[in-house]
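Step one of this worksheet: look at the structure below.
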Amino acid sequence: MSNIADIVVPSVGESVTEIWEVQLLKNVGDYVKEGEIFVEGQSDKATVEIPSTVGGYIKELLVEEGNDFPIGAVIAR
C-alpha cells in the first residue's frame with residue numbers, strides 16, 4: 001500500500017499571499033528528502049526556497065515554472 005502526501009506552499013510571511021515560481025529543482029519520479037529544497041519561488045519581498053514537507057518520490061507536480069500560486073496551494077504529490 002502506498003501513501004500519497006501533498007506538498008504545499010508554506011507561509012513565508014504575514015503579508016505574502018502568493019509566490020511565483022522561479023525554478024523546479026526536481027522532476028516527476030525524482031526522490032526528495034523531507035526538508036530538501038525542491039522549488040525556488042519569488043514573492044514581492046524575496047526569493048523563497050520551498051522545502052518538501054515529506055520524503056518520497058514525486059508522483060505529480062501541480063505547478064509549472066512561471067505561474068503564480070497562493071500560499072497553502074498543493075504544488076506536488
Common cluster, Ile75/Val28, ILVMFWY with side-chain heavy-atom separation under 4.5 Å
yes
Verify the cluster assignment for Val63 and Ile58: are they in a single hydrophobic cluster under the rule of side-chain heavy atoms below 4.5 Å apart?
yes
Considering non-hydrogen atoms only, spot the tightest contact between [X] and [Y] and give its length.
X	Y	answer
Val8	Ile50	O-CG2, 4.5 Å
Pro51	Gly35	CB-O, 3.5 Å
Ala76	Phe38	CB-CE1, 4.0 Å

How far does CD of Glu60 sit from CG of Asp6, to the nearest 0.5 angstrom?
9.0 Å
Atom pair NZ (Lys59) and CZ (Arg77), whose distance is rounded to the nearest 0.5 Å
9.0 Å
Quick note, side-chain hydrogen bond (donor to acceptor under 3.5 Å, both in side chains) partners involving residues 25-36, not counting sequence neighbours, are Lys26-Glu36
Sequence neighbours left out, what pairs pass salt bridge (charged side-chain N to carboxylate O under 4.0 Å, His left out) with at least one residue falling in residues 46-57?
none
